[in-house]
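Here is the naming used below: chain letters follow the sequence lines, and residue numbers restart at 1 for every chain.
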There are 2 protein chains.
Amino acid sequence: MTRPRSRRGGGRPTIADVARKAGVGAITVSRALREPGRVSEDLRRQIQAAVDELGYVPDPNARALASARAEVFGVLVPSLTNNVFAEVVRGIYDSLSDSPFRIQIGNTHYSGLEEERLLQVFGSQRPAALIVAGIDQTPSARRLLENAGCPVVQVMETGPDPVDMMVGFSHLDGGRTAAEHLLQAGYRKIGFIGARMDPRSQRRLAGYRAAMETAGLFDPRLITTTPVPSSVSLGRELFRDALAKMPTLDGVFCNNDDIALGVLFECHRASIDVPKQIGIVGFNDLDMMQVAFPSITSVRTHRYEIGTRSVAMALAAIAGNPPQQRIVDLGFELMRRESTAR
Amino acid sequence: MTRPRSRRGGGRPTIADVARKAGVGAITVSRALREPGRVSEDLRRQIQAAVDELGYVPDPNARALASARAEVFGVLVPSLTNNVFAEVVRGIYDSLSDSPFRIQIGNTHYSGLEEERLLQVFGSQRPAALIVAGIDQTPSARRLLENAGCPVVQVMETGPDPVDMMVGFSHLDGGRTAAEHLLQAGYRKIGFIGARMDPRSQRRLAGYRAAMETAGLFDPRLITTTPVPSSVSLGRELFRDALAKMPTLDGVFCNNDDIALGVLFECHRASIDVPKQIGIVGFNDLDMMQVAFPSITSVRTHRYEIGTRSVAMALAAIAGNPPQQRIVDLGFELMRRESTAR
DNA sequence: TAGACAAATGGTAGCGCTACCATGACTGGG
DNA sequence: CCCAGTCATGGTAGCGCTACCATTTGTCTA
């Protein structure tokens, strides 16, 4: 016995209601909504009128089930509050705001295991594309990405071996450039200060180290790091530690701008002249770097563009035109400012 | 003619595969996964073994379609990069990480129309709960929230008329407290500097104004605002404008900490003594406020807790125990620091 | 010991949509 | 003028899961 349209769903209009009202088949409604070109002008108008009148909104869940593909971009980042990733995510959102795709963000907390778990969760939805931060996935996470059955973009870094596509830049080169700039400015005892030493920070450190070794000035005691998450106050503390360890320090390359700001404030507090006694270089070039007094030299990275570019590549791949260039290096730019001008 | 299990879905194991392998009905598998208590110990073990062996992961789309309810929390914030909302979102994520609920974030860009559009999109998924920033929804957005058919939590602010539940604090009181503090510290020509004057900023301004009027010191020329999004560099510029307009300014209450930091840097640059010549108060109390030199007085808000609390309330409501207290005021705390200690 | 009742399990029928094929109406080339 | 080829439309059969109702078995009370 068929109950009379019980509507356990709650009474929202369905595609069948629209079809009935427009006097066409359900499929035609479905097509009119998804591939308007394949439905005649006339019917399209009729259907649109019925849609408007009923206030019909397609059910994305039913759509995903029937087509075996959800209109969802899965995005995996290690942190939600770190401004760097927030900018990437903003770029992704802005690029997708006029598309039918929804976005689902996963926060891995810098954990490979959490990344695997989230990849599993995301994969179960059959997303349209996946955007993941970093290139250091665990072997099993990498396997999940390879078998995701959708375009995958690794962002923030470039490397030799993409799962599918990549957009980012070389953190090693960025670190080297920062250190070389300090060397050219005449600083010699240049420290490295870093918090939350994730793989990208490690590569910046490696770049710093390469530059220092080339100059014959490397000394492991110049390095001060901690696994603790980065913050301005931590920058201050780490700088104090670094000075205690090596009182003759005359420059610092900071892992990121928060740390650099903490260093600057500690210099103010301890009446250390910047840039005369200490040169400071940050990383990412947040807005505040140019406003600080003195303004702080930093390596500008193109975070928002990484987000928009990754979406563009994924959309192209979804449309069947995978970009010819699978690895996109957006580079970086050294912004020279007062903090290293002596 | 039934084709032999065509699996247009792509060959992943389904609940029927698990049921067959475990020698039980599909429903029993479904129950074992969702309400283990209702399935006998024996079968539960058998089913778990089959799930593990096949690597079965339930399809959330099919689940949502069948149960008319998606395991999704919809979250609407006006900005992704503003640290304030990022903290709220982080609290939401952390509270939900061990639950089956996924999170979908919408970025309204401070636009009521965009908020309506996103509410429509979210609603079509039949989310388990909605968390939205602010209490100033457009009438039609409010209607969408009322008819969402799920718990709704408005966050960041409290007000008299919740759609369903609320977690936040009074921005008016926060603004008043900041201004009163400056007054008590002996400042008289106290300016208000604000960017992106969203409704919350407007209420902070109203609180400032109330305090100034009570003291008989209000002057509209003390107010400097702009609709432009907030940033540290903008803080610097607005402070310059404010000083040009009113050279005798001796204190500023800043809309937020970014602005306050910009003001501090400009003071450094212009050799204006803080706190002697100018007192500065920020809002939100980001980490850097306590590290700045001089450290900056700010109104600490409990953003992460707003996130965790809103989830707790929503989960309780989903479980059928809506909290007795529908409006939760988490308050704020004035952090007195060097920038107002003269 | 019968009857009532709860606990454990299963079958059926969709949820709302789209893939896949079928159909009929045209079009155009030989 | 016929038939292949295209275009517009529709019907059918699921996608993978769960709500809703059986059905069976065991347990307790009168």
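Proximity note for B:Ile15 (side chain, C-beta onward) versus D:dC17, C:dG16, C:dC20: the nearest is D:dC17. Among the nucleotides C:dC20, D:dT9, D:dA19, the one closest to the side chain of B:Arg34 is D:dA19. Here the side chain of B:Ile27 is nearest to one of D:dA19, C:dT9, C:dC17, namely D:dA19. In this structure, the nucleotide among D:dT18, D:dG10, C:dC17 sitting nearest to the side chain of A:Tyr56 is C:dC17. When the nucleotides D:dC15, D:dT9, C:dT9 are ranked by their closest atom to the side chain of B:Ser40, C:dT9 comes out on top. Candidate nucleotides C:dA19, C:dG16, C:dG11 were compared by shortest atom distance to the side chain of A:Ala66, and C:dG16 ranks first. Comparing D:dG10, D:dC17, C:dC17 against the side chain of A:Asp59 picks out C:dC17 as the nearest.
Computed from coordinates, the A:Glu71 CD to C:dG16 C1' distance equals 15 Å when rounded to whole Å. Separating the CZ atom of B:Arg38 from the C1' atom of C:dA7 is a distance of 9 Å, rounded to the nearest angstrom. The CD atom of B:Glu35 sits 12 Å away from the P atom of D:dC20 (whole-angstrom rounding). In this structure, CG of A:Leu65 is placed 18 Å from P of D:dA13, rounded to the nearest angstrom. Look at CD on B:Gln125: it is 16 Å from P on C:dG16, rounded to the nearest Å. Note: CZ (B:Arg69) to C1' (C:dG16) measures 16 Å, nearest angstrom. Rounded to an integer number of Å, the gap from CZ of B:Arg63 to C1' of D:dC15 is 16 Å. Distance CG (B:Asn61) to P (D:dT18): 12 Å, rounded to an integer number of Å.
Remark: the A:Arg31 side chain and the D:dG10 base include a donor-acceptor N/O pair separated by less than 3.5 Å.
You'll find the side chain of A:Ile131 reaches within 4.5 Å of the side chain of A:Ile92, heavy atoms only. Residues A:Arg142 and A:Asp161 have side chains in contact (heavy-atom distance under 4.5 Å, counting atoms from C-beta outward).
With A:Tyr93 contributing its side chain and B:Ile105 its backbone, the two residues share a donor-acceptor pair below 3.5 Å.
With DNA chain C read from its 5' end, the first of the two nearest nucleotides for A:Ala62 and B:Gly37 is the one closest to B:Gly37.
The structure places CD of A:Glu116 at 3.5 Å from OG1 of A:Thr138, a figure rounded to the nearest 0.5 Å.
Between B:Thr28 and C:dT9, a side-chain N or O to OP1/OP2 separation shorter than 4.0 Å is absent.
Looking only at atom types and distance, the side chain of A:Ser67 has no donor-acceptor partner in the side chain of A:Arg63 under 3.5 Å away.
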